[in-house]
Amino acid sequence: MVSTKELFDILLDTFGPQNWWPGDSKFEIMIGAILTQNVSWRNVEKAIDNLKREDALSPDAVYKMDLERLEELIKPTGFYRQKAARLKRLSKLILKERGVDSYLQQKDLREQLLDIKGIGPETADSIVLYAGEIPTFVVDAYTKRIVERFYGFKGNYEDIKEFFQKSLLKDAETYNEFHALLVELGKKYCKKTGPRCGECPISHLCSY
DNA sequence: GGCCAGGTGTAAA
DNA sequence: TTTACACATGGC
């Protein structure tokens with residue numbers, strides 16, 4: 001069975017650097033993490049473009065914006081009422097901490113994020129890793145599916161997070177690239193239904 | 001038309 | 001402690 005390190009090297013060779021997270025600012029990364037919850041990134045881009053057009057890519061603008069207006073702008077991402085409220089809560093807390101940079105520098109950042117209603121482990125870890133640049137492994141639905149198919153291991157969020165963190169050097173750049181590569185593999189060949197295993201370039205490493 | 005997409009919270013079994 | 005369901009738009 002391939003080690004996680006070997007899998008990483010193979011994925012990097014196969015797909016190349018993914019250059020995650022897409023976004024021009026820390027705040028854009030943070031709201032993108034909320035907006036992409038259970039929705040394809042394609043939809044998120046529309047919403048971010050809408051916010052950009054309104055010059056609303058700042059905690060202050062999001063906090064002050066009329067709720068109905070915010071909902072309208074992020075509608076393409078689905079669950080827009082919940083997500084608008086989540087963006088408002090996060091923005092309020094960022095302002096309370098006097099800005100994005102100081103918010104991200106809090107020592108208990110992950111716990112702070114998890115205390116926000118609407119931010120669960122994946123969204124929190126995405127923000128910690130991609131905006132905070134602090135090494136924490138992000139686990140998403142693709143990661144769970146890939147681990148199950150490649151390693152026959154079915155675990156909860158924390159189990160799978162530990163599975164990777166215990167087998168790799170604690171390095172933000174590695175975690176960054178690895179998660180992005182797992183998503184790329186997942187999107188192309190490990191979809192929930194109709195997996196294209198025959199076309200998968202690394203199906204020989206998979207027990208599925 | 002049906003299923004899925006870079007999840008989360010709540011409530012029942 | 002697990003499982004089910006609501007939340008909602010857009011692509012294939």
Side-chain angles (χ1 to χ4, degrees), chain A residues 7-8 11-12 15-23 26-51 67-90 93 110-133 136-150 153-161 163-164 172 174-197 199:
Chain A
L7 179 61
F8 175 74
L11 289 173
L12 191 55
F15 298 114
Q18 301 298 303
N19 302 309
W20 273 30
W21 185 292
K26 307 267 191 194
F27 185 67
E28 187 177 331
I29 293 170
M30 296 172 86
I31 64 176
I34 288 174
L35 293 177
T36 198
Q37 290 170 346
N38 206 47
V39 152
S40 64
W41 184 254
R42 175 191 297 275
N43 293 37
V44 178
E45 289 179 323
K46 296 174 199 276
I48 290 183
D49 284 346
N50 290 343
L51 292 169
L67 180 60
E68 282 68 42
R69 182 68 183 143
L70 181 58
E71 291 175 350
E72 196 61 32
L73 294 174
I74 67 169
K75 195 166 266 187
T77 68
F79 310 126
Y80 59 88
R81 279 189 282 266
Q82 301 183 60
K83 286 179 180 176
R86 291 169 187 180
L87 295 183
K88 287 273 191 184
R89 285 183 209 118
L90 176 64
L93 290 170
R110 187 172 194 265
E111 320 311 321
Q112 293 293 327
L113 288 164
L114 287 174
D115 281 340
I116 301 173
K117 194 201 302 184
I119 294 186
E122 180 181 342
T123 307
D125 283 333
S126 296
I127 290 173
V128 171
L129 178 62
Y130 291 102
E133 297 178 44
T136 193
F137 205 90
V138 179
V139 176
D140 75 325
Y142 287 126
T143 309
K144 291 178 185 166
R145 196 178 305 148
I146 289 166
V147 167
E148 189 174 347
R149 292 182 183 179
F150 277 74
F153 170 46
K154 192 174 170 67
N156 63 29
Y157 188 95
E158 296 299 329
D159 290 337
I160 296 177
K161 183 183 174 73
F163 173 73
F164 283 99
T174 303
Y175 290 1
N176 174 326
E177 195 61 53
F178 208 158
H179 172 62
L181 287 165
L182 287 169
V183 171
E184 184 63 13
L185 174 68
K187 284 204 278 202
K188 284 188 171 157
Y189 306 107
C190 297
K191 294 174 78 70
K192 195 168 184 179
T193 58
R196 300 160 56 196
C197 296
E199 301 169 45

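Just so we're on the same page: letters track the sequence lines, and every chain starts at 1.
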*Kindly say if Thr123(A) contacts the phosphate of dT8(B), meaning a side-chain N or O under 4.0 Å from OP1 or OP2.*
yes

_Using a 3.5 Å limit on both distances, find every run of at least three consecutive Watson-Crick or G-U pairs that involves DNA chain C._
B:2-5 with C:9-12, B:7-13 with C:1-7

_Those residues that, when tested against Glu148(A), pass salt bridge (Lys or Arg N to Asp or Glu O under 4.0 Å) (two or more places apart)_ = Lys154(A)

*Stacking check: are the rings of Tyr157(A) and dG7(B) less than 5.5 Å apart at their centres and under 30 degrees in tilt?*
no

_Residue mapping more 5' on DNA chain B - nearest nucleotide basis, Gly118(A) or Ala33(A)_ = Ala33(A)

*Can you check whether Tyr80(A) has a side-chain N or O nearer than 4.0 Å to OP1 or OP2 of dT9(C)?*
yes

*Are Arg42(A) and dA5(B) close enough that a side-chain N or O sits under 4.0 Å from OP1 or OP2?*
no

*Give the rounded distance in Å between these two atoms: CD of Glu45(A) and P of dA5(B).*
17 Å

_Non-hydrogen atoms of Ser126(A) and Ala33(A) that approach each other most closely_ = CB-CB, 4.2 Å

*Could you give the NZ-to-C1' distance, from Lys83(A) to dA8(C), as a whole number of Å?*
9 Å

*Calculate the interatomic distance between Leu70(A) atom CG and dT9(C) atom P; express it in whole Å.*
15 Å

*Roughly, in whole Å, what's the span from CD1 in Ile34(A) to C1' in dG9(B)?*
14 Å

*dT8(B), dA5(B), dT9(C): which one has an atom nearest the side-chain heavy atoms of Gln37(A)?*
dT8(B)

*If you measure from the P atom in dA6(C) to the same atom in dG6(B), how many Å do you get, rounded?*
23 Å

*Trp41(A) and Trp21(A) aromatic centres sub-6.0 Å*: yes

*asked:* Among Tyr130(A), Tyr175(A), Tyr157(A), which residue satisfies the side-chain hydrogen bond (donor to acceptor under 3.5 Å, both in side chains) criterion with Asp125(A)?
replied: Tyr157(A)

*Output the single nucleotide from dG10(C), dA8(C), dG6(B) whose closest atom is nearest the side chain of Asn43(A).*
dG10(C)

*What integer number of Å spans the P atoms of dT10(B) and dA8(C)?*
14 Å

_Check whether Phe137(A) forms a cation-pi arrangement with Lys161(A) (NZ or CZ under 6.0 Å from the six-membered ring centre, at most 45° off the ring normal)._
no

*Please assess Phe150(A) against Leu185(A) for the test side chain to side chain contact (heavy atoms under 4.5 Å, CB included), listing each intermediate value before the final yes or no.*
CA-CA 12 Å; Phe150(A) 277 74; Leu185(A) 174 68; 4.3 Å; yes

_Testing Leu181(A), Leu182(A), Leu11(A) one by one against Gln18(A) for a side-chain contact (heavy atoms from CB on, under 4.5 Å), which residue passes?_
Leu181(A)

_Rounding to an integer number of Å, can you tell me how far Asn38(A) CG sits from dC7(C) C1'?_
9 Å

*Smallest separation among heavy atoms of Gln37(A) and Thr123(A), with atom names*: NE2-OG1, 2.9 Å

*Please give, in whole Å, the distance from dG6(B) P to Ile31(A) CD1?*
18 Å

_Ser40(A) side chain, from C-beta outward: closest of dT8(B), dG9(B), dA5(B)_ = dA5(B)

*Among dC4(B), dA5(B), dT10(B), which is the nearest nucleotide to the side chain of Thr193(A)?*
dC4(B)

*Quick one: label Ile116(A) by what it contacts on the DNA or RNA (base, sugar-phosphate, nothing), any heavy atom closer than 4.0 Å.*
sugar-phosphate

_Ring geometry between Phe153(A) and Phe163(A) (parallel below 30°, tilted from 30 to 60°, perpendicular above 60°)_ = tilted

_If I take atom CZ in residue Arg81(A) and atom C1' in nucleotide dA6(C), what distance separates them, rounded to the nearest angstrom?_
12 Å

*asked:* At 4.0 Å (heavy atoms only), tell me whether Ala141(A) reaches a base, stays on the sugar-phosphate, or touches nothing.
replied: sugar-phosphate

*So, is Arg145(A) close to the dA5(B) phosphate, meaning a side-chain N or O under 4.0 Å from OP1 or OP2?*
yes

*Is the ring centre of Trp41(A) under 5.5 Å from the base ring centre of dG6(B), and are the two planes under 30° apart, so that they stack?*
yes

*So what does Asp140(A) touch, heavy atoms closer than 4.0 Å: a base, only the sugar-phosphate, or nothing?*
sugar-phosphate

_Between C1' on dC4(B) and CZ on Phe79(A), what's the gap in Å once rounded to a whole number?_
11 Å

*From dG6(B), dT8(B), dC4(B), pick the nucleotide closest to the side chain of Arg86(A)?*
dT8(B)

*Is Tyr142(A) near enough to dG6(B) that one of its side-chain N or O atoms lies under 4.0 angstrom from OP1 or OP2?*
yes

*Looking at every strand, decide which applies to Gln82(A) at a 4.0 Å heavy-atom threshold: base, sugar-phosphate, or nothing.*
base

